[in-house]
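Here the structure comes first, spelled out in structure tokens, and everything after it is commentary.
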Amino acid sequence: MIKISFPDGAVKEYETGITPFEIAKSISEGLAKKTLAASVNGKVQDANRPLYLDAELKLLTWNDDDGKSTFWHSSAHLMAEAVESLFPGVKFWVGPPTQNPPGFYYDMDLGDRQITEEDLRRLESKMSELARKNETYTRKEIPKAEAVQYFTEKGDEYKLDLLKNLQDGEISFYTQGDFTDLCRGPHIPNTSFIKAIKLTSIAGAYWKGDENNKQLTRIYGVTFPSQKELDDYLLMLEEAKKRDHRKLGKELGIFTMDDDVGPGLVLWMPNGTVIIEELEKLAKDTEMAAGYKRVVTPHIAKENLYITSGHLPYYQDSMYPPMELDGVKYYLKAMNCPHHHKIFSAEPRSYKDLPLRLAEYGTCYRYEQSGELFGLMRVRCLHMNDAHIYCSKEQFAQEFKAVNDMYLKYFKIFGIDKYIMRLSLHDPEKLGQKYINEPELWIETENLVRQVMIENKIPFVEVKGEGAFYGPKIDVQIWSAIGREFTLATNQVDFAQGRRFNLEFTTRNNETETPLIIHRAPLGTHERFIGFLLEHYAGKFPVWLAPLQVKVLPISDRYLDYAQTVLQYLKNADIRTEVDDRNEKIGKKIRDTEIARVPYMLVVGEKEMNDGMVSVRRQGKGDLGLFKVSDLIDKVRKEINDRSSEINERESINIPTHSTP
RNA sequence: GCCGUUGUAGCUCAGUGGUAGAGCACUUCCUUGGUAAGGAAGAGGUCGUGAGUUCAAUUCUCAUCAACGGCUCCA
């Protein structure tokens, strides 16, 4: 007998060799039907795998992340079985479950065969058919030699490649029905758990993620234990689509793009420009208070500047090709820093000038690969909330911390509560290619940043190979309301450019020293930030950001004059206001204004005109009642001045649709 | 850049080897209406672009551009 302890503290005795699935069954048939896998002493394994020792057991169901992962992993195997039966000779690479998007994929080499949407439907039917066969996922431990032989006979070089890195004794095969795969598991008990199947897309994926390798075919899918859950999921995707910044941006007249202008080049429409100006105002106010000075620099510069900065050797692929004038090459700037460095070096600097903080909403051009462009999130002309802080080593920690504080201040204003700070480090193997070849300085600076983060108790994760070419950085990852994850803000240390530009200041002891440079962009770029805000607020911008803040809706044209009077009062109070003077009924005017997400609607008719009042309606909330015009102005002005945002307006959708790991 | 899909009116989408339709939006007129769609009429597209096949191409073929879903890369 063995002793099994459960999460609720209960301990029960069972026969040696019993499986978690059997234990579930002994508790209740219903539980057995839901048990996908088991956590044994914290390790996830098959519910069918016998237990021979005392253990802590947790039965994993659909409600556990590990249960879901196991379910999707087994679904990937089921899909592979279907693919193999429809397309014999296919060779498989790997087929893991994914969190974001939820589901799984399998990478495979289909030879010359191309897979189509119709094939996906056929595969879905095949998968359902196979699932109904109620095949058990059977685990078998295999000696390495035997495994190698199996895949050699099958002619599957991909699995052989996987085997290369595995030791004898840790190799297992899983079989369900006619399909056997090299796999460490775990898997669900049998295929009948998989009730609802949707293969979502076909994509190319480089073998081992390396673009120099062959491209395999990747099929994405998602499965559920019931049809209802699949339907709910598809419904949520529809909801998420409505909140897509590309759709909202068009509907609300925020931005547009045009073939004749070029891919990735955003045309900001009047409504979008209002938002840009409000954001810049916020940045200017904040930076002014934090001791920054504003500068303005040109969009282009001579080649030599970028040779000095190091951009050409390390960043050239991301820059537009140069234009040549009188034998001199000029580049569009991809970064503002070199220009700012030249402002630093334009005058002799002393320690008394430091820290010198130069800020600019700089316009940068980056020749992103065509396949990378994505709405406002990834563009080729961007406006960066940029600044460079030149400081001494002693000042560094405080300055770096102050930048972090600025992020947090902004996040509070925008109600951003889900984010991760990511310490991005260099990859020693890519020194000299992707990173400036200064191994000691890299380590030293990385330690410097790590220390600031630890001392200030700011939680962060570390990622190798994500640093800028000139130094480590803190990137802030955020999620939009529909689950898109991306880097918003960045706070970078630069130990390289100062020396490359011969930047110097005179110390207290009359010696010369090179400053450290902090590159920072708390609001990222206008493009990405507004793209984020559109999804974050579902287009319902807080009043201070709303392109149109108030719309006056006269009941009929008899009250147009009064509406115009109200409009003047609001305009005089610097509130963005318009009158809806169309020949429409009030219901229609309200509907259109609601859809345009204008925060305040003022209905004016006979009684409002007689009493000098307005009937106030708040977008999404309905009628707020009668207000004196001056009271309404005070209310709206306060909301604007406080930059307040109503959190309850941004109920988020939890199903993620897109992610960068 | 690579793999795949798509490209018809401002938007959402039908449709066809014989040079195109719907709803919404837009314009005009009627209606002067009290908190999410009043009525009528009208205007709008050489069907992404270029070539090829054909008596004839928006439809078939090829190329190209762009968008979308991924891969790779990044704010």
Side-chain angles (χ1 to χ4, degrees), chain A residues 101 105 107 110 114-117 120 200-220 244 246-247 250-251 253 256-260 262-264 315 317-318 334-335 364 366-379 382-386 424 434 466 468 473 475-477 486-490 492 519-529 531-532 553-560 582-595 601-608 615-620 622-625 657-660:
Chain A
Y105 64 81
D107 284 352
L110 285 157
Q114 275 196 355
I115 207 155
T116 63
E117 289 286 328
L120 291 188
T200 47
S201 66
I202 311 162
Y206 299 110
W207 185 41
K208 297 186 179 181
D210 184 335
E211 62 183 323
N212 300 312
N213 283 345
K214 178 171 182 175
Q215 198 158 45
L216 304 176
T217 301
R218 174 175 295 182
I219 303 179
Y220 281 90
D244 189 306
R246 291 166 296 188
K247 189 170 164 63
K250 178 136 217 147
E251 284 169 7
T256 188
M257 304 217 204
D258 190 285
D259 279 3
D260 289 337
Y315 208 79
D317 288 348
S318 298
M335 299 279 195
C364 300
R366 297 185 181 178
Y367 193 75
E368 302 287 355
Q369 293 184 52
S370 60
E372 308 312 325
L373 301 174
F374 176 71
L376 285 178
M377 301 304 193
R378 201 67 185 278
V379 296
L382 45 101
H383 297 83
M384 211 183 322
N385 171 224
D386 212 359
S424 300
K434 210 180 154 189
E466 295 280 326
K473 56 181 180 172
D475 283 333
V476 186
Q477 301 297 112
F486 47 85
T487 304
L488 171 73
T490 182
Q492 317 180 339
H519 305 236
R520 44 108 278 180
L523 295 177
T525 65
H526 282 324
E527 287 73 15
R528 187 170 284 186
F529 196 60
F532 164 79
L553 311 178
I555 295 285
S556 80
D557 57 14
R558 286 202 194 122
Y559 315 105
L560 259 178
R582 295 176 306 163
N583 181 7
E584 293 290 351
K585 286 180 139 177
I586 192 67
K588 172 72 168 163
K589 290 182 182 178
I590 286 171
R591 178 180 155 80
D592 289 347
T593 315
E594 285 279 347
I595 289 170
M601 282 153 263
L602 308 183
V603 176
V604 295
E606 189 69 25
K607 65 182 178 217
E608 287 82 4
S615 276
V616 179
R617 187 184 161 99
R618 183 70 218 247
Q619 200 277 345
D623 200 345
L624 300 186
T657 56
H658 179 86
S659 150
T660 36

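Source: prediction; values computed, not measured.
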Next on the checklist: Categorize A:Gly375 for me: base, sugar-phosphate, or nothing, with a 4.0 angstrom heavy-atom threshold over every strand shown.
Outcome noted: sugar-phosphate
Restricting both atoms to N or O, compile the protein contacts to nucleotides 23-27 of chain B shorter than 3.5 Å, with distance only.
unit_1, atom_1, unit_2, atom_2, d
B:rA25, OP1, A:Lys588, NZ, 2.5

Checklist entry - What is the distance from atom CG of A:Asp244 to atom CD of A:Glu251, rounded to the nearest 0.5 Å? => result 10.0 Å
Next on the checklist: Once you apply a heavy-atom cut-off of 4.0 Å, does A:Lys589 come out as touching a base, just sugar-phosphate, or nothing?
Outcome noted: nothing
Next on the checklist: OP1 or OP2 of B:rG33 versus the side-chain N and O atoms of A:Ser556: is any pair under 4.0 Å?
Outcome noted: no
Next on the checklist: Under 4.0 Å, heavy atoms only, any strand: does A:Glu527 hit a base, just the sugar-phosphate, or nothing?
Outcome noted: nothing
Checklist entry - So what does A:Ile586 hit on the nucleic acid, given a heavy-atom distance under 4.0 Å: a base, only sugar-phosphate, or nothing? => result sugar-phosphate
Checklist entry - Can you give the dot-bracket line for RNA chain B, where a pair is Watson-Crick or G-U wobble with both atom distances under 3.5 Å, crossing pairs use [ ], and | marks a partner on another strand? => result (((((((..((((....[..)))).(((((.......))))).....(((((..]....))))))))))))....
Checklist entry - At under 4.0 Å between heavy atoms, what does A:Gly209 touch on the DNA or RNA strands: base, sugar-phosphate, or nothing? => result sugar-phosphate
Next on the checklist: Whether A:Lys585 contacts B:rU32 is assessed here as follows: a side-chain N or O lying under 4.0 Å from the phosphate OP1 or OP2. Is that the case?
Outcome noted: no
Next on the checklist: Base, sugar-phosphate or nothing for A:Ser201? Non-hydrogen atoms, less than 4.0 Å.
Outcome noted: sugar-phosphate
Checklist entry - How is A:Glu251 classified with respect to the nucleic acid when contacts are heavy atoms under 4.0 Å: base, sugar-phosphate, or nothing? => result nothing
Checklist entry - Looking across every strand, which nucleic acid part, if any, lies under 4.0 Å from A:Arg366 by heavy atom: base, sugar-phosphate, or nothing? => result base
Checklist entry - With a non-hydrogen cut-off below 4.0 angstrom, is A:Ala203 in contact with a base, only sugar-phosphate, or nothing? => result base
Item to check | Options B:rC71, B:rC3, B:rA75, nucleotide nearest the side-chain atoms of A:Val379 | outcome: B:rA75
Checklist entry - Base, sugar-phosphate alone, or nothing: which one does A:Thr116 contact when heavy atoms must sit under 4.0 Å apart? => result nothing
Checklist entry - At under 4.0 Å between heavy atoms, what does A:Asp259 touch on the DNA or RNA strands: base, sugar-phosphate, or nothing? => result sugar-phosphate
Next on the checklist: Counting the atoms with a prime plus P, OP1 and OP2 as sugar-phosphate, which does A:Lys247 contact under 4.0 Å by heavy atoms, base, sugar-phosphate, or nothing?
Outcome noted: nothing
Checklist entry - A:Arg528 near the nucleic acid: base, sugar-phosphate alone, or nothing, with a heavy-atom cut-off under 4.0 Å? => result base
Checklist entry - What does A:Ile115 touch in the nucleic acid at a heavy-atom separation under 4.0 angstrom: a base, only the sugar-phosphate, or nothing? => result nothing
Next on the checklist: Less than 4.0 angstrom from a charged side-chain N to a carboxylate O is my criterion; do A:Arg617 and A:Glu594 meet it?
Outcome noted: yes
Checklist entry - C1' atom, B:rG18 versus B:rU58: distance in rounded Å? => result 12 Å
